[in-house]
Amino acid sequence: QVQLVESGGGLVQAGGSLRLSCAASGSIFRVNAMAWYRQAPGKERELAATITSGGSTNYADSVKGRFTISRDNAKNTVILQMNSLKPEDTAVYYCKADIRRTSGTYYYDYWGQGTQVTVSA
């Protein structure tokens, strides 16, 4: 089994910061790309940021310059540092990881359960 567990969400005022963390655990052989998605009420889930196993990053235009994604490969952990938060950043944030299990050959996407981020005006 593989699990992704997120932490770090909460309520913050506009202009504030939050740090989200997501740890993958279980029968993991290797973790490839990792990413953070978000889903606001009444909207579709959207990609916020991605990071490859080599550390290359990509950001949605809406978060570029404010959010920073990083990872610790030894701990199979991905971090999303969110600064200068805006009310429109309010959403449930999900981490996703492309993982090959110890018993498998192929990579599959695994998702965390989501963590709520609420930014008040």
Side-chain angles (χ1 to χ4, degrees):
Q1 294 286 354
V2 171
Q3 273 191 318
L4 271 64
V5 178
E6 298 129 338
S7 61
L11 173 64
V12 65
Q13 288 187 332
S17 298
L18 280 175
R19 183 175 181 268
L20 305 183
S21 178
C22 173
S25 63
S27 305
I28 296 172
F29 177 78
R30 189 172 184 271
V31 181
N32 201 357
M34 304 184 84
W36 286 96
Y37 285 72
R38 64 185 186 179
Q39 187 167 18
K43 295 188 177 181
E44 292 188 355
R45 191 173 298 187
E46 65 174 8
L47 178 65
T50 63
I51 184 166
T52 67
S53 57
S56 296
T57 59
N58 193 31
Y59 297 92
D61 288 342
S62 58
V63 307
K64 201 171 293 183
R66 301 186 297 120
F67 291 10
T68 301
I69 189 170
S70 61
R71 64 188 287 170
D72 182 336
N73 288 334
K75 297 181 180 179
N76 292 330
T77 298
V78 61
I79 303 293
L80 187 67
Q81 178 65 44
M82 306 184 294
N83 299 327
S84 302
L85 283 161
K86 305 175 181 179
E88 51 264 43
D89 294 318
T90 295
V92 177
Y93 284 71
Y94 299 89
C95 69
K96 188 186 80 168
D98 191 25
I99 295 173
R100 177 183 167 186
R101 295 176 58 181
T102 53
S103 60
T105 304
Y106 303 105
Y107 286 85
Y108 294 94
D109 287 336
Y110 291 84
W111 291 86
Q113 80 285 356
T115 186
Q116 177 70 45
V117 170
T118 303
V119 184
S120 62

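Residues: numbered from 1 along the sequence shown.
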| request: Verify the neighbour count for atom CD of Glu44: are there more than 12 heavy atoms of other residues, nucleotides or ligands below 6.0 Å? | output: no
| said: Are more than 12 heavy atoms, taken from residues, nucleotides or ligands other than Gln3, located less than 6.0 Å from that residue's CD atom? | reply: no
| field | Salt bridge Lys64-Asp61, side-chain N to carboxylate O under 4.0 Å | value | yes
| When you measure from the side chain of Asp98 to the backbone N and O of Met34, does any donor-acceptor pair fall under 3.5 Å? | no
| Side-chain donor/acceptor of Thr68 to backbone N/O of Gln81, under 3.5 Å |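 Checking the backbone N and O of Gln81 against the side chain of Thr68, no donor-acceptor pair under 3.5 Å is found.
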Any chance you could measure [X], atom [atom1], to [Y], atom [atom2], to the nearest 0.5 Å?
X      : Y     : atom1 : atom2 : result
Lys86  : Ser84 : NZ    : OG    : 8.0 Å
Leu80  : Cys95 : CG    : SG    : 10.5 Å
Gln113 : Leu4  : CD    : CG    : 8.5 Å

| For Val31 and Ala97, which heavy atoms make the closest approach, and how far apart are they? |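 Closest pair (atom of Val31, atom of Ala97, distance): CG1-CB, 4.1 Å.
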| What is the minimum heavy-atom distance between Asp109 and Lys96, and which atoms define it? |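 The pair with the smallest heavy-atom distance is OD2-NZ, 3.6 Å.
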| Qualifying disulfide (SG to SG under 2.5 Å) pairs with a residue from residues 23-63, counting only residues at least two apart or across chains |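 Residue pairs passing disulfide (SG to SG under 2.5 Å), neighbours aside: none found.
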| said: Show every disulfide (SG to SG under 2.5 Å) that has at least one partner inside residues 52-93, sequence neighbours left out. | reply: none
If you group Ile, Leu, Val, Met, Phe, Trp and Tyr by side-chain heavy-atom gaps below 4.5 Å, do [X] and [Y] land in one group?
X      : Y      : result
Leu18  : Ile79  : no
Val2   : Tyr108 : yes
Tyr110 : Tyr107 : no

| query | In this structure, which one of Glu46, Glu88, Glu6 forms a salt bridge (charged side-chain N to carboxylate O under 4.0 Å, His left out) with Arg38? | reply | Glu46
| task | Might you work through the side-chain hydrogen bond (donor to acceptor under 3.5 Å, both in side chains) test for Asp72 and Thr77, ending with a clear yes or no? | result | CA-CA 5 Å; Asp72 182 336; Thr77 298; over 6 Å; no
| request: If you link ILVMFWY side chains whenever their heavy atoms are less than 4.5 Å apart, which other residues fall into the same cluster as Val92? By chain and number, please. | output: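 When side chains under 4.5 Å apart are linked, the cluster holding Val92 also contains Tyr37, Leu47, Tyr94, Trp111.
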| Option passing side chain to side chain contact (heavy atoms under 4.5 Å, CB included) with Leu20 (candidates Val117, Val78, Ile69) | Val117
| field | Arg101 to Phe29, cation-pi by 6.0 Å centre distance and 45° axis angle | value | no
| message | Under a 3.5 Å cutoff, is there a donor and acceptor pairing between the side chains of Asn58 and Thr50? | response | no
